[in-house]
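What you see below is based on every heavy atom in this structure, not just the backbone, and it leaves out hydrogens, waters and symmetry mates. Residue numbers start from 1 in every chain, and the chains themselves are labelled A, B, ... in the order their sequence lines are given, proteins ahead of strands.
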There are 2 protein chains.
Amino acid sequence: MQPTPLNGSELAVMRAFGRLMVVMPKMLDADLQRTQRMSLSEYQTLRHLSETPGNVMRMSELAHRCDMSFSGMTRLVSKLESLGHLSRRRCESDGRGFDVQLTEAGFERLREAWPDHLESVRRRIFDHLGRLDLGDLAAALEGMNESGGQACHSAACDK
Amino acid sequence: MQPTPLNGSELAVMRAFGRLMVVMPKMLDADLQRTQRMSLSEYQTLRHLSETPGNVMRMSELAHRCDMSFSGMTRLVSKLESLGHLSRRRCESDGRGFDVQLTEAGFERLREAWPDHLESVRRRIFDHLGRLDLGDLAAALEGMNESGGQACHSAACDK
DNA sequence: AGTATTTCCTTGACGAAGCAAATTAATTCG
DNA sequence: CGAATTAATTTGCTTCGTCAAGGAAATACT
C-alpha cells in the first residue's frame, strides 16, 4: 500500500536531500566556527537583529524569526549579551516583555563575520546549482519552508 | 571587501536555504515522531542497514553513512538494540570491531514506518518543487553534499 | 477594585550528539 | 616473540536546544 512509489530521480533527490539536511547545517556551522569562532545560530540571531529597523526586537519575535524555542532563545541571548553583542532591557510599553537591542559591538562583529559566511555559503551551495534557475529554486525553498503544520518545536509551542 | 555581493535571487535563495536547514530536519523528525514514535536518525539508521547486502554493517561504516560521530552512533545503536531492531556482535575477522545486523523485527519496523515518512517527504518537499527539473536538482544536491572539506564532525573526526 | 486568565519570558530537567580520553584488539618493527 | 603503533569502539563530560513548570505583568470578568 505504498503512497505512490518514487521514480529514479525522485529517489535520488530524496536521498540527497535527506543527507543534506543532516550535513549542511554542520558544514556551515563548522565553517563559521572555524573562521570566526561563532555558531550559526549566533550569526543568524545577530543578522535578524541587524535587519530590523532600529535593531531592536522583542524576545518572542526574535525567537520566531530564528525558528528557535523561546527558552533556547533566552539562553542564546544571555550568551550574546555576556559577549556584549546585544543588550536586553525591559520593554516600556509592556512590562512582561524584553527588548533585545543589537549593540555597536554586535553590529561590528556581524560585519566582521559575514564575508566568511558568505564565502562558505557560496562554496557549499551556490557553486553547485548548475542549471537550476535561481528564481524557481527560491520559490521551491520558500514553499517548503511554509509547508507548515509546524514542527511544533520552533517558538510556537514552547508553551 | 565583499567577496562578490549577491543579487536579488541569490539573496532569496540564501535566506530560504538558511531557514530550510534549520526547519526541515525538525519538520521531518517531528512528523516521524508523531506518526511513528521514531526519530529521523533512528529511521535513517535502519534504512541504511536495510539497503546493505545481508543487512549487516560495521559500526564505523554505519556511522559514516549516517553522517554521525562514532560515539553518537554507539549510543543510537545501543538504543535500537534494546528495542530489538538490530543486534550487535563482535566481528569474527577483526575482534576490535562490531557487526550490526538488522533484525527481522527491525526490518518490519522500517516497512511499517516508511509510508508515513514518504508521505511526509512528499508533502514537505516534492509538492513544492514547481518547475525545477528533478535531474538538475539531484545533481545540485549531490554536489553540495560533496562540497566536502568535511565539517569534521561526522565520523571522520570523532577520534 | 478583586480575582481569574492569558501572555511573555526564565529556569530546571533532560535528551541528542560531539569531542577527548580510555579500552581492547590487530599490526608493525626490532 | 615482545614493545610500540595504529585502529575500532566505548565512556565521560560538555554544549545546544527542547519541553514542562513557574513567576510576573497585563487583560478580562464580576
Side-chain angles (χ1 to χ4, degrees), chain A residues 21-23 25-30 32-34 37-45 57-64 66-83 86 88-100 150-159, chain B residues 21-23 25-30 32-34 37-45 57-64 66-82 88-100 150-159:
Chain A
M21 299 287 88
V22 176
V23 168
K26 290 183 190 177
M27 294 197 295
L28 296 180
D29 190 87
L32 207 45
Q33 201 74 55
R34 178 168 42 72
R37 210 59 51 78
M38 182 189 287
S39 77
L40 192 54
S41 36
E42 287 169 347
Y43 180 89
Q44 299 294 355
T45 302
M57 227 186 280
R58 293 282 288 266
M59 284 295 296
S60 46
E61 178 65 9
L62 191 54
H64 179 65
C66 293
D67 295 295
M68 286 187 61
S69 64
F70 290 124
S71 47
M73 190 45 77
T74 291
R75 279 159 178 136
L76 188 47
V77 163
S78 301
K79 178 176 178 185
L80 289 170
E81 185 175 39
S82 76
L83 288 174
L86 51 78
R88 187 170 22 179
R89 74 174 139 359
R90 267 221 137 65
C91 178
E92 292 197 7
S93 57
D94 183 341
R96 294 166 298 182
F98 279 86
D99 280 333
V100 181
Q150 289 321 24
C152 204
H153 306 301
S154 323
C157 295
D158 191 296
K159 208 293 297 280
Chain B
M21 299 286 87
V22 175
V23 168
K26 290 183 190 176
M27 294 197 294
L28 296 181
D29 189 87
L32 206 47
Q33 201 75 53
R34 179 168 41 71
R37 210 61 51 80
M38 184 189 285
S39 77
L40 192 54
S41 36
E42 287 170 347
Y43 180 88
Q44 299 294 356
T45 302
M57 227 185 283
R58 291 284 287 267
M59 284 297 296
S60 44
E61 178 65 10
L62 191 53
H64 179 66
C66 293
D67 295 294
M68 285 187 59
S69 64
F70 290 125
S71 49
M73 188 48 75
T74 290
R75 275 151 185 144
L76 190 46
V77 163
S78 300
K79 178 177 178 185
L80 289 170
E81 184 174 39
S82 76
R88 189 169 20 178
R89 75 176 139 0
R90 266 221 138 67
C91 178
E92 291 198 7
S93 57
D94 184 340
R96 295 166 299 183
F98 279 85
D99 279 334
V100 181
Q150 288 320 23
C152 205
H153 305 302
S154 324
C157 296
D158 192 297
K159 206 291 306 257

Expressed as a whole number of angstroms, how long is the span from [X]:[atom1] to [N]:[atom2]?
| X | N | atom1 | atom2 | result |
| --- | --- | --- | --- | --- |
| B:R58 | C:dA26 | CZ | P | 10 Å |
| B:M68 | D:dT9 | CE | P | 14 Å |
| B:F70 | D:dT10 | CZ | P | 11 Å |
| A:D29 | D:dT15 | CG | P | 15 Å |
| A:M57 | C:dC8 | CE | P | 16 Å |
| A:M59 | D:dA24 | CE | P | 18 Å |
| A:M27 | C:dG18 | CE | P | 15 Å |
| A:E42 | D:dC16 | CD | P | 8 Å |

With a 4.0 Å limit, can you tell me whether A:K26 has a side-chain N or O closer than that to the phosphate oxygens OP1/OP2 of C:dG18? yes

Counting only side-chain N and O atoms of A:S60, is one of them less than 4.0 Å from OP1 or OP2 of C:dC9? yes

Presence of donor-acceptor pair under 3.5 Å, side chain of A:S71 and base of D:dC19: yes

Between the side chains of A:R58 and A:D94, is the shortest nitrogen-to-carboxylate-oxygen separation below 4.0 Å, so that they form an ion pair? yes

Tell me what [X] touches on the nucleic acid: a base, only sugar-phosphate, or nothing, going by heavy atoms under 4.0 Å.
| X | result |
| --- | --- |
| B:R75 | base |
| A:R90 | nothing |
| B:S41 | sugar-phosphate |

Partners passing side chain to side chain contact (heavy atoms under 4.5 Å, CB included) against A:F98 (at least two apart in sequence or in another chain):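 For A:F98 the side chain to side chain contact (heavy atoms under 4.5 Å, CB included) partners, ignoring immediate neighbours, are A:M59, A:R88, A:R90.
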
Can you name the nearest heavy-atom pair linking B:F70 to B:A63, along with the distance? CD2-CB, 3.9 Å

Heavy-atom closest contact (A:M68 atom, A:L76 atom, distance): SD-CD2, 3.8 Å

So do A:T45 and A:M73 actually touch side chain to side chain, heavy atoms under 4.5 Å?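 Of all side-chain heavy-atom pairs linking A:T45 with A:M73, at least one is under 4.5 Å.
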
Given side chains that start at C-beta, do those of B:L40 and A:M21 come closer than 4.5 Å, heavy atoms only?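 No, side chains not in contact.
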
Between A:L76 and A:C91, which residue's closest nucleotide on DNA chain D lies nearer the 5′ terminus?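 Counting from the 5' end, the first nearest nucleotide belongs to A:L76.
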
If you only use heavy atoms from C-beta on, which nucleotide in D:dC16, D:dT9, C:dC9 is closest to the side chain of A:K79? D:dC16

Strictly below 4.0 Å, heavy-atom distances to any atom of DNA chain D: list the hits from residues 92-99 of chain B, or just say none. B:R96, B:G97, B:F98

From the list B:K79, B:R37, B:Q33, side-chain hydrogen bond (donor to acceptor under 3.5 Å, both in side chains) partner of B:E42 resolves to B:K79

